[in-house]
Enquirer: 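Structure incoming, see below.
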Amino acid sequence: MIKEVQSWLRSARSVAVLTGAGMSAESGVPTFRGENGLWRNYRPEDLATPEAFERDPKLVWEWYDWRRGLIAACQPHEGHRALVLLEERTLQFLLITQNVDGLHERAGSRQVRRLHGSIWILRCTRCGDEHEDLTARLADIPPHCACGGMLRPGVVWFGETLPEDAWRDAQLAAQQAEVFLVVGTSAVVQPAASLALIASNASSKVVEVNPDATPLSSFVAASLRGPAGQVLSEIIS
Ligand code: OAD
């Protein structure tokens with residue numbers, strides 16, 4: 001199947017990629033579900049909802065600050081770099097990610113749409129101003145804006161809608177892609193997971209890269225069972 005997918009990717013004029021936490025696993029960023037997943041040890045309703053932030057902003061910020069420190073020490077891997085190469089040689093390309101870690105951008109990917117925001121962006125809950133802050137650990141928790149309002153992480157929490165522009169571009173790319181790669185996502189969080197269905201309904205060849213089976217595995221054109229770094233380097237060469 002590797003050879004076949006290689007040739008699909010070589011001849012496609014339009015490719016879209018959806019990545020999830022498994023994409024960053026080999027860089028050392030924990031995934032959410034699975035054996036050592038974050039949601040094994042933490043409850044999303046305590047840490048990743050607007051209600052949780054309203055109830056206890058310090059607790060939520062401590063968790064995000066810990067994750068920022070952890071991610072800052074991680075580096076993109078060969079799979080991230082393979083996706084940069086794929087972008088460079090493909091006429092029409094979009095990388096859609098559910099990841100908030102910024103590793104794709106650090107690897108050099110340019111056409112990236114972040115469906116769940118960025119852990120490096122801080123947004124004011126009062127004036128709405130947002131800025132990027134790449135310091136690994138924040139000096140004050142919770143951090144505050146120049147206007148005096150409290151800052152929140154620039155991520156999408158459960159119960160919040162996705163950034164409109166990113167979602168529109170992602171849907172369009174899924175409709176137009178000749179090949180749609182789905183890498184390292186459990187495909188259980190909507191609406192992100194529905195992009196694979198949109199692509200499949202539009203006759204795109206959907207290719208899944210994941211060591212484990214997911215709800216998508218039964219209908220994709222190819223299911224490549226293995227870690228993202230190794231499989232992406234093999235199919236993009
Ligand atoms: P999950 O943690 O749900 O799924 C990670 C997937 O990566 C699983 O299917 C694993 O089998 C796979 N995986 C693990 N190691 C891998 C590797 N080395 N290479 C490839 N795949 C590997 O993460 P997501 O699907 O990204 O949302 O989760 C979606 C959303 O749920 C996240 O964006 C986050 C989370 O709650 C919010 O916080 C809003």
Side-chain angles (χ1 to χ4, degrees), residues 1-2 4-26 29 31-34 37 39 79-80 82-84 86-87 90-101 103-104 109 111-117 156 158 160-236:
M1 216 54 221
I2 294 275
E4 215 161 342
V5 174
Q6 253 177 11
S7 86
W8 292 347
L9 286 171
R10 277 228 186 82
S11 58
R13 291 160 56 87
S14 159
V15 174
V17 184
L18 171 68
T19 63
M23 178 76 215
S24 303
E26 289 151 86
V29 182
T31 61
F32 292 94
R33 298 168 187 83
W39 297 150
H80 292 101
L83 292 179
V84 177
L86 184 63
E87 173 172 1
T90 308
L91 200 61
Q92 203 181 324
F93 180 91
L94 193 69
L95 174 46
I96 306 151
T97 188
Q98 299 167 86
N99 299 343
V100 297
D101 53 40
L103 288 177
H104 286 303
S109 289
Q111 289 300 321
V112 182
R113 296 294 180 276
R114 294 187 294 243
L115 295 184
H116 293 165
V156 176
F158 288 102
E160 295 185 317
T161 52
L162 303 191
E164 225 171 88
D165 289 359
W167 179 238
R168 190 201 48 230
D169 291 353
Q171 283 175 290
L172 198 65
Q175 277 156 12
Q176 293 177 345
E178 285 164 46
V179 181
F180 190 79
L181 277 182
V182 187
V183 187
T185 178
S186 57
V188 295
V189 173
Q190 297 294 354
S194 71
L195 290 169
L197 288 171
I198 293 175
S200 179
N201 289 340
S203 304
S204 167
K205 289 192 173 75
V206 179
V207 176
E208 179 174 63
V209 179
N210 198 311
D212 296 324
T214 76
L216 304 180
S217 305
S218 56
F219 77 84
V220 296
S223 187
L224 305 176
R225 297 281 165 84
Q230 179 200 321
V231 176
L232 289 175
S233 322
E234 279 173 7
I235 60 176
I236 303 160

Enquirer: Roughly how far apart are E208 CD and L224 CG, rounded to 0.5 Å?
Expert: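 Output value for this atom pair is 9.0 Å.
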
Enquirer: For the CG atom of L195 and the CG atom of L18, what is their distance to the nearest 0.5 Å?
Expert: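 Output value for this atom pair is 6.0 Å.
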
Enquirer: Under 3.5 Å, is there a donor-acceptor pair between the side chain of S200 and the main chain of A196?
Expert: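 Absent.
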
Enquirer: Between atom CD1 of I2 and atom CD of Q230, what is the distance when rounded to the nearest 0.5 Å?
Expert: 7.5 Å

Enquirer: Compare all side-chain heavy atoms of F32 with those of T185 and state whether any distance is below 4.5 angstrom.
Expert: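 Counting from C-beta outward, F32 and T185 never come under 4.5 Å.
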
Enquirer: Where do A192 and Q98 come nearest, in terms of heavy atoms and distance?
Expert: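 Shortest heavy-atom separation between A192 and Q98 comes out as CB-OE1, 3.5 Å.
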
Enquirer: Between V29 and N99, is there a side-chain heavy-atom distance shorter than 4.5 Å?
Expert: no

Enquirer: To the nearest 0.5 Å, what is the distance between CZ on R113 and NE2 on H104?
Expert: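 Going from CZ on R113 over to NE2 on H104, the span is 13.5 Å.
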
Enquirer: So which atom in P215 and which in S186 form the shortest heavy-atom distance, rounded to 0.1 Å?
Expert: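 Minimum heavy-atom separation between P215 and S186: CD-O, 3.3 Å.
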
Enquirer: Taking atom CG of L103 and atom CE of M23, what is their separation to the nearest 0.5 Å?
Expert: 8.5 Å

Enquirer: Between the main-chain N or O of S217 and the side-chain N or O of S223, is there a donor-acceptor pair closer than 3.5 Å?
Expert: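 Absent.
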
Enquirer: Kindly indicate whether the side chain of I198, heavy atoms from C-beta on, has any atom under 4.5 Å from the side chain of Q175.
Expert: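 Side chain of I198 against side chain of Q175, heavy atoms only: contact under 4.5 Å found.
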
Enquirer: Can you name the nearest heavy-atom pair linking A177 to A16, along with the distance?
Expert: CB-N, 3.7 Å

Enquirer: Ignoring hydrogens and geometry beyond distance, is a side-chain donor-acceptor pair present between W8 and E4 at under 3.5 Å?
Expert: no

Enquirer: V183 and side-chain contact (heavy atoms from CB on, under 4.5 Å): which partner among L95, T97, V209?
Expert: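 Between V183 and the candidates, side-chain contact (heavy atoms from CB on, under 4.5 Å) is satisfied uniquely by V209.
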
Enquirer: Looking only at heavy atoms, what is the nearest atom pair of L232 and G79, with distance?
Expert: CD1-O, 3.7 Å

Enquirer: Are side-chain heavy atoms of V207 and L9 found at a separation under 4.5 Å?
Expert: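 They are not in side-chain contact.
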
Enquirer: With a 4.5 Å limit on heavy-atom distance, are the side chains of K205 and V5 in contact?
Expert: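 They are not in side-chain contact.
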
Enquirer: So does Q111 get a backbone contact from the side chain of E87, meaning a donor-acceptor N/O pair under 3.5 Å?
Expert: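 It does hold such a pair.
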
Enquirer: Considering only heavy atoms from C-beta outward, does the side chain of L94 approach that of Q176 to under 4.5 Å?
Expert: no

Enquirer: What distance separates R13 CZ from Q92 CD, expressed to the nearest 0.5 Å?
Expert: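 Going from CZ on R13 over to CD on Q92, the span is 8.5 Å.
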
Enquirer: Given the rule in the side-chain contact (heavy atoms from CB on, under 4.5 Å) test, do N210 and R225 qualify, once you have shown the distances and angles that lead to the verdict?
Expert: CA-CA 5 Å; N210 198 311; R225 297 281 165 84; 5.7 Å; no

Enquirer: Closest heavy-atom contact between A170 and L115?
Expert: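 Reported closest heavy-atom pair: CB-CD2, 4.1 Å.
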
Enquirer: Minimum heavy-atom separation for T161 and V156, please, with both atom names.
Expert: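 Nearest heavy atoms, T161 then V156: O-CG1, 3.9 Å.
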
Enquirer: So does S194 get a backbone contact from the side chain of Q190, meaning a donor-acceptor N/O pair under 3.5 Å?
Expert: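 Yes, the answer is positive, given that a donor and an acceptor are paired below the 3.5 Å cut-off.
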
Enquirer: Run the side-chain contact (heavy atoms from CB on, under 4.5 Å) check on F180 and V220 step by step: do they pass?
Expert: CA-CA 10 Å; F180 190 79; V220 296; over 6 Å; no

Enquirer: Run the side-chain contact (heavy atoms from CB on, under 4.5 Å) test on T214 and V182 for me, step by step, so that the C-alpha distance in whole Å, both residues' side-chain angles and the decisive distance to 0.1 Å come before the verdict.
Expert: CA-CA 11 Å; T214 76; V182 187; over 6 Å; no

Enquirer: Run the numbers on T19 and L83 for side-chain contact (heavy atoms from CB on, under 4.5 Å), then give the verdict.
Expert: CA-CA 11 Å; T19 63; L83 292 179; 4.2 Å; yes

